[in-house]
Amino acid sequence: MPINETLSTYSDWLYTTAAAIYVVALMMTLVEQGFGAKGRLATERAKLRARELVGAGGPPVEEVPAAQREVGRPERIGRMGAALLVLGALLQLTAIVLRGLAVHRAPWGNMYEYGMAVTFITVVTWLIVMKKFPVRHLTGFLLLPVVILMFINGTLLYTTAAPVQPALQSYWLVIHVAAAIIGSGVFLVPGVASVLYLFRAAYEKSTAKDSLENSTVKFARFAPKLPAADVLDRIAYRTTIFAFPVFTFGVLCGAVWAESAWGRFWGWDPKETCAFIAWVVYAAYLHSRATAGWRGTRAAIINIVGFAAMIFNLFFVNLVSVGLHSYAGVG
């Protein structure tokens, strides 16, 4: 069937619009992160002082419920940014659907379409995380890599709508690549959470050793604005434990598809090799996270290594290497 150029054009416009909306949402969440920090820092100081009083034998201090706290302008701007994030995700989903309708197939047959879907899954995952944890003010840290990846995807990796090559004309395109997209998109969230965990854990370690005043001065610009280290650790662990089996399923389906298409289950193609390395790293993270001696900072570092491997596999392998997974130059 011929390519529907009109739908393809609309898809490109919506993708660009979604990226622009993400940039605006990024700016708004940075306002909340920066100018809304006074209230969070005051709360952090109050909690630390309350712990000191309780430790000295004083009465426990009741915390004011979040719903009863005064909402300032930075927080309202942050809520607007979250609303824009939802709007951008809806536009990006529409762009993916229109791309699929334009080419009459699953809309992830090349690197441009793959990157479009991966960043969408990342945004949706973060929206779910925001419903479970009070981390809306951290959205900027997640949107920054998403916006960068979308810019690279829409410029260096952009591919016009076209039919896929014969090797990809299989129902495995839907199964294998869809699993890889979901796994890769979700993995971006624990990567960011683990990076933030390292900063927060260093801050909490400092507050345990030093006086409250010295630790506040040392980390006043960054770490006190983050949630507690255990919250970031739970976010990283729960999202990883969801993404890992999905990614594993995608790797196994890829091996079955490879045997059908190329006559072998595994050939150490550059993308296959990098995916296997990432799988081993994340398996090591889950194992270390379940082992008491390797929780915390060590486990977070392993997760960050896996995050770096996924980014490398997502883009750089396709730009600098040639293999059976390379289609149309960058596909």
Side-chain angles (χ1 to χ4, degrees), residues 11 92-93 95-125 149 153 157 159 161-191 239-283 286 306-307 309-331:
S11 173
Q92 191 172 1
L93 175 61
I96 295 172
V97 172
L98 291 182
R99 182 78 171 196
L101 294 175
V103 294
H104 312 290
R105 56 169 172 78
W108 41 76
N110 53 61
M111 272 305 298
Y112 168 70
E113 296 169 359
Y114 185 88
M116 184 192 307
V118 166
T119 50
F120 168 73
I121 293 296
T122 301
V123 172
V124 171
T125 302
L149 294 179
N153 188 58
L157 303 179
T159 305
V164 296
Q165 294 196 7
L168 291 179
Q169 294 176 1
S170 170
Y171 60 90
W172 286 110
L173 175 67
V174 178
I175 303 173
H176 163 61
V177 183
I181 287 171
I182 295 173
S184 300
V186 176
F187 273 141
L188 294 182
V189 173
T239 48
T240 301
I241 205 171
F242 171 81
F244 183 75
V246 178
F247 185 73
T248 302
F249 176 74
V251 172
L252 294 177
C253 289
V256 175
W257 189 8
E259 196 280 332
S260 175
W262 301 318
R264 87 293 187 279
F265 289 99
W266 197 266
W268 297 106
D269 181 76
K271 201 168 184 66
E272 293 175 350
T273 303
C274 197
F276 175 72
I277 293 173
W279 184 90
V280 170
V281 172
Y282 280 113
L286 293 177
F307 172 65
M310 291 299 300
I311 293 295
F312 183 81
N313 189 32
L314 187 60
F315 288 108
F316 294 101
V317 167
N318 293 279
L319 294 176
V320 302
S321 67
V322 178
L324 293 175
H325 284 76
S326 297
Y327 299 94
V330 294

F307 side chain reached by P190 side chain, heavy atoms, under 4.5 Å: no
Smallest separation among heavy atoms of A309 and C274, with atom names: O-SG, 3.8 Å
Chi angles and distances behind the side chain to side chain contact (heavy atoms under 4.5 Å, CB included) call for T273, I277: CA-CA 6 Å; T273 303; I277 293 173; 4.2 Å; yes
Minimum heavy-atom distance between Y112 and T159, given as atom pair plus value: CB-N, 3.7 Å
For E113 against A106, the heavy-atom pair lying closest together: OE1-O, 4.4 Å
Exercise: identify the closest heavy-atom pair between A162 and V103: N-CG1, 3.9 Å
Polar side-chain atom of W108 near backbone of L173 as donor-acceptor pair, under 3.5 Å: yes
Closest heavy-atom pair and its distance - G306, V281: N-CG1, 3.3 Å
Contact check, side chains of L188 and L149, non-hydrogen atoms, under 4.5 Å: yes
Validation row: F247, Y282 side chains within 4.5 angstrom (heavy atoms): no
Closest non-hydrogen atom pair between A179 and F249, with its separation: CB-CD2, 3.9 Å
Distance in Å, S184 OG paired with N313 CG, rounded so as to fall on 0.5 Å steps: 7.0 Å
Full working for side chain to side chain contact (heavy atoms under 4.5 Å, CB included) between V251 and F276: CA-CA 8 Å; V251 172; F276 175 72; over 6 Å; no
Side chains of W257 and V177 in contact at under 4.5 Å (non-hydrogen atoms): yes
Distance, nearest 0.5 Å, that separates CZ of F187 from CZ of F244: 7.0 Å
L93 and F120, any side-chain heavy atoms less than 4.5 Å apart: yes
Residues N110, V164; criterion side chain to side chain contact (heavy atoms under 4.5 Å, CB included); working and verdict: CA-CA 8 Å; N110 53 61; V164 296; over 6 Å; no
Under 3.5 Å donor-acceptor, T119 side chain and M116 backbone: yes
